[in-house]
*Asks:* 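Sending over a structure as C-alpha cells; questions will come in a sec.
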Amino acid sequence: MKRYLVLVFIAAALPAAAQEAEDPPSLMERGAQMFLEGLMAEVEPRLDDLQGLAQEFGPAMRGFFTEMGPAFRDLLSEVEDWSAYHPPEILPNGDIIIRRKAENPPADPGEEDAPKSGDPIDL
C-alpha cells in the first residue's frame, strides 16, 4: 500500500517538474508519466475503497483502543518475551487464552561432568 502512495506522489510531482523545465519532455519522461498516470488510474478506486473502509471502521476502532488501550499497556509491561507464548486461542465461550510454551529445563551445570552408572570412579 505504501508503494502505491509513493507512486501517486511521484506521478503528481512529474507534471510540475516537466512544466519547470524549459525543454520539452523527452520520450522517456513522457513514457514514465504515462505509466504513472495509468498506475494512478488503477490504484485510485482501491484508495477510495480504503478510505470508505476507514470511515466505516474508524469510530469503532477508536472506541476499542480507548477502552482496551490501558489493558494492552498493562499486558505488554508484564510480558517480557512474547516468543515464550503460543498464539492466542479463542475458546467456544469467547475466552481468550495465551498459553506459555513448554520450557526446556536447563541442564544442570555439573551434569556433564558427573560419572555415569557404569563408569569407574577414580580416587
Side-chain angles (χ1 to χ4, degrees):
M1 186 66 195
K2 290 181 182 180
R3 280 189 267 154
Y4 293 126
L5 292 176
V6 170
L7 291 174
V8 168
F9 289 123
I10 290 172
L14 275 180
Q19 289 175 356
E20 291 175 6
E22 294 176 12
D23 298 334
S26 70
L27 190 56
M28 288 293 287
E29 291 172 337
R30 183 67 186 135
Q33 184 177 4
M34 290 173 59
F35 172 74
L36 291 174
E37 287 173 358
L39 190 60
M40 282 181 48
E42 295 256 343
V43 170
E44 191 173 7
R46 293 183 182 164
L47 289 176
D48 292 340
D49 292 343
L50 183 61
Q51 184 178 8
L53 189 66
Q55 289 175 350
E56 181 180 341
F57 289 111
M61 292 301 289
R62 196 173 305 116
F64 174 77
F65 285 120
T66 300
E67 292 180 23
M68 296 302 292
F72 280 130
R73 186 175 42 246
D74 294 342
L75 180 64
L76 290 174
S77 67
E78 289 183 29
V79 177
E80 294 176 9
D81 182 17
W82 284 99
S83 66
Y85 295 90
H86 290 284
E89 299 175 37
I90 300 176
L91 300 179
N93 65 357
D95 289 349
I96 300 172
I97 296 178
I98 302 175
R99 298 182 193 273
R100 183 184 302 265
K101 291 180 181 176
E103 297 178 356
N104 296 330
D108 292 335
E111 188 175 294
E112 294 174 359
D113 298 333
K116 306 286 189 263
S117 61
D119 294 341
I121 300 175
D122 293 332
L123 297 174

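Here the structure is a predicted model, which is why all the values come from computation and not from measurement.
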*Asks:* Hey, is CD on Glu42 packed in by over 12 heavy atoms from elsewhere, all under 6.0 Å?
*Replies:*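 No, CD of Glu42 has 12 or fewer neighbouring heavy atoms, counting only those of other groups under 6.0 Å.
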*Asks:* Run the side-chain hydrogen bond (donor to acceptor under 3.5 Å, both in side chains) test against Arg73 and tell me which residues pass, sequence neighbours left out.
*Replies:* none
*Asks:* With a cut-off of 6.0 Å (strictly less than), are more than 12 heavy atoms of other residues, nucleotides or ligands near CD1 of Ile97?
*Replies:*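 For Ile97, atom CD1 is crowded (more than 12 foreign heavy atoms under 6.0 Å).
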*Asks:* Less than 4.5 Å apart, side chain to side chain, heavy atoms only: is that true for Leu50 and Arg46?
*Replies:*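 Not in contact.
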*Asks:* According to a 4.5 Å side-chain heavy-atom criterion applied to Ile, Leu, Val, Met, Phe, Trp and Tyr, with indirect links allowed, do Met61 and Phe72 form part of one hydrophobic cluster?
*Replies:*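 Looking at the clustering, Phe72 is in the same group as Met61.
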*Asks:* Could you tell me whether Leu76 atom CG has more than 12 heavy atoms of other residues or ligands within 6.0 Å of it?
*Replies:* yes
*Asks:* How long is the gap from CZ on Arg30 to CD on Glu37, to the nearest 0.5 Å?
*Replies:*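 It comes to 6.0 Å.
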*Asks:* Which heavy atom of Tyr85 sits nearest a heavy atom of Arg100, and at what distance?
*Replies:* OH-NH2, 3.2 Å
